[in-house]
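Reviewing the structure listed below.
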Amino acid sequence: YGRDLVAIARKAEGQTEIGTLKASFDKLKAEIEKTGNLHIHLSERIKEEVQKIEAFREHQREQRKKLEEIIEKLQKPKMLLHKKTIESKRLYEQRCKEAEEAEQAVGKKTNVTTSIHRQSEKVMNRARLCRQAANLAEKQYKTNVDQFEKTCQDWERTYRSACEVFQQQESERINILRCVLWDHCNLLSMQCVQDDDCYEEVRKLLEQCDIITDNNCFIKMKKTACRPPAPIEFQSYSDVDANGGVRRLETKRLSVILPGMSFSGYPEAGSNSAGTYTSAQQTGGVTEKHMVLYDFKAQEDDELSVSKGQVVTITEQGEDGWWRAWRDGISGLVPGTYLTKISPQSYSTRLAAAHPEHNPIK
């Protein structure tokens, strides 16, 4: 698990991030790798504990094996003596039964008056021999019983000692395993605390992650200019002078004032004064009507704020893409790409709609 965490931390994405988010990514990867190394160290400690348990179990196994060999060594003669004692008991009972039968036969012969003396002697000899065999069987039976009892006592004494050793081993095994499991739980608990500390460091850095700061950082790194590029204008070959420069292009004047109508509010061409405004026809200046395509908010003092759909008068078209426009008696610069030229007919239609009292048809 620790090796997998280290591999994930080294292969994680986030290299393309910038600013505070990149710092958070780097911190997260560093803490994941740190957590992985902590788990690797924890696994080594657990492995050491397991090796200690294996050594302890091997020691107990050897000790138990020695005791089992001693018990088994005593068990075999005990079983043989037990078998021998049972056989001697059976033989003893058989001999006693034969002796009793022989003695009963002697009693019967002595009671009969017509019995022959030789036959009587034979029966008595047989009874005497049977009794002697019974006595020998009894003696052997007692001897076997005594030996078996002694062997059983030795075996029980050894077995009792072995059981005491086994009980002691089991007590040690339970105690050691209990301590090992306790230590194992402590190690895992400490690991959990360390993991939480690592992730808390990441959370602290994530609290400092700011969207606006990252966006400004991206703009600062990737920006190319402060204004949109100037539009590409058509340049006639006839407008190029002998020195290779470009002559000033004259723009066709638009007549936007209806016949018989005077309209003030437009600046005189070439004049920077904001006090007097006359129509473009009276001044003879070069002006054009343009309609605003997009909203533009002035950011500098020499710029003019316009809204989509408004009509402005253009008095100067700069080569940098910024045009001077007039609207409601105010002059300022607007981006040329935000404007589109409108025809006189379109403007007359708009003007007639705005001032119906000057409409000749009406």
Side-chain angles (χ1 to χ4, degrees), residues 1-76 78-79 152-211 213-214:
Y1 177 69
R3 287 193 295 268
D4 290 344
L5 285 179
V6 173
I8 290 173
R10 293 176 180 176
K11 296 180 181 178
E13 297 295 334
Q15 293 83 356
T16 58
E17 301 295 340
I18 59 174
T20 58
L21 185 59
K22 178 177 176 58
S24 300
F25 259 110
D26 295 340
K27 186 65 175 179
L28 177 61
K29 291 189 288 186
E31 294 300 331
I32 290 177
E33 186 174 359
K34 179 180 177 181
T35 303
N37 292 326
L38 290 175
H39 278 279
I40 293 174
H41 180 65
L42 174 61
S43 66
E44 294 175 353
R45 295 185 62 182
I46 293 176
K47 188 182 296 183
E48 293 177 358
E49 295 295 332
V50 172
Q51 292 175 354
K52 292 180 182 179
I53 295 175
E54 287 294 334
F56 171 74
R57 292 180 62 184
E58 186 64 25
H59 173 71
Q60 282 199 338
R61 189 180 296 112
E62 292 178 357
Q63 190 176 8
R64 187 183 185 92
K65 185 177 180 180
K66 291 179 180 179
L67 293 174
E68 289 175 350
E69 290 177 354
I70 295 174
I71 294 175
E72 186 177 358
K73 186 177 180 180
L74 293 175
Q75 180 75 9
K76 290 181 179 180
K78 175 177 173 291
M79 297 300 296
C152 286
Q153 290 178 359
D154 294 340
W155 181 85
E156 289 178 359
R157 189 165 46 251
T158 304
Y159 193 79
R160 187 180 295 110
S161 300
C163 289
E164 292 177 356
V165 175
F166 293 156
Q167 181 176 351
Q168 182 66 26
Q169 284 185 341
E170 184 65 13
S171 300
E172 293 177 356
R173 186 186 70 86
I174 294 174
N175 183 47
I176 288 180
L177 285 180
R178 183 179 67 90
C179 295
V180 168
L181 292 177
W182 190 283
D183 294 339
H184 184 71
C185 293
N186 288 339
L187 291 175
L188 293 179
S189 179
M190 292 174 58
Q191 182 62 46
C192 292
V193 174
Q194 292 175 348
D195 291 348
D196 187 69
D197 291 340
C198 293
Y199 298 135
E200 180 64 24
E201 295 296 327
V202 179
R203 286 192 289 266
K204 289 180 181 179
L205 200 59
L206 285 173
E207 290 177 354
Q208 302 176 6
C209 183
D210 185 67
I211 300 175
T213 302
D214 285 359

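These numbers were taken from a predicted model, which means no experiment stands behind them. Note: hydrogens, waters and symmetry copies are ignored here, and every other heavy atom, side chains too, is used.
- A pairwise comparison of heavy atoms in Val165 and Gln63 identifies CG1-NE2, 3.7 Å as the closest pair.
- By the 6.0 Å contact criterion, CD on Gln153 is enclosed, its count of non-hydrogen atoms from other residues, nucleotides or ligands being greater than 12.
- The backbone N or O of Ala9 sits nowhere less than 3.5 Å from a side-chain atom of Glu33 that would complete a donor-acceptor pair.
- When side chains are defined from C-beta on, Glu49 does not count as touching His184, because their heavy atoms never get closer than 4.5 Å.
- Ile32 CD1 to Tyr199 OH: the interatomic distance, rounded to the nearest 0.5 Å, is 6.0 Å.
- Cys209 and Asp214 get closest at one heavy-atom pair: SG-OD2, 4.1 Å.
- Counting only heavy atoms from C-beta outward, the side chains of Asp195 and His39 approach each other to under 4.5 Å.
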Trace of the side-chain contact (heavy atoms from CB on, under 4.5 Å) decision for Val193 with Asp197
CA-CA 6 Å; Val193 174; Asp197 291 340; 3.9 Å; yes

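- Of the inter-residue distances, the one linking Asp210 atom CG with Leu21 atom CG reads 11.5 Å to the nearest 0.5 angstrom.
- A 4.5 Å side-chain heavy-atom check between Ser161 and Leu67 finds every atom pair outside the cut-off.
- Other residues, nucleotides and ligands contribute more than 12 heavy atoms inside 6.0 Å of the NZ atom of Lys22.
- Once rounded to the nearest 0.5 Å, the distance linking CD of Gln191 with OG1 of Thr35 reads 7.0 Å.
- A donor-acceptor pair is defined here as one N or O able to donate and one able to accept, closer than 3.5 Å; no such pair exists between the side chain of Ser189 and the backbone of Cys185.
- The closest side-chain heavy-atom distance from Leu28 to Ser24 is not below 4.5 Å.
- Using a 4.0 Å cut-off between charged side-chain N and carboxylate O, Arg203 and Glu200 make a salt bridge.
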For side-chain contact (heavy atoms from CB on, under 4.5 Å), just list the numbers for Asn175 and Arg178, CA-CA rounded to whole Å, side-chain angles, deciding distance to a tenth of an Å, and then say yes or no.
CA-CA 5 Å; Asn175 183 47; Arg178 183 179 67 90; 3.4 Å; yes

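- A distance of 11.0 Å separates CD in Gln168 from CD in Glu170, rounded to the nearest 0.5 Å.
- Distance CD1/Ile53 to CG/Leu181: 7.0 Å, rounded to 0.5 Å.
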Dump the intermediate steps for side-chain contact (heavy atoms from CB on, under 4.5 Å) on Val180 and Val50, then the final yes or no.
CA-CA 9 Å; Val180 168; Val50 172; over 6 Å; no

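- The nearest pair of heavy atoms linking Gln60 to Gln169 is NE2-O, 2.7 Å.
- Side-chain contact check for Lys204 versus Gln208: every heavy-atom pair is 4.5 Å or farther apart.
- Within a 6.0 Å sphere centred on CD1 of Ile211, other residues, nucleotides and ligands contribute 12 heavy atoms or fewer.
- In this structure, Arg64 forms a cation-pi arrangement with Phe166, its terminal cationic atom sitting closer than 6.0 Å to the ring centre and no more than 45° off the ring axis.
- Between Ile40 and Asn37, some side-chain heavy-atom pair lies under the 4.5 Å cut-off.
- Contact of the Glu68 side chain with the Ile71 side chain is not registered, since no non-hydrogen atoms from C-beta on lie closer than 4.5 Å.
- In this structure, the separation between CG on Asp26 and CD on Glu31 is 11.5 Å, given to the nearest 0.5 Å.
- The shortest side-chain heavy-atom distance between Tyr159 and Leu74 does not fall under the 4.5 Å cut-off.
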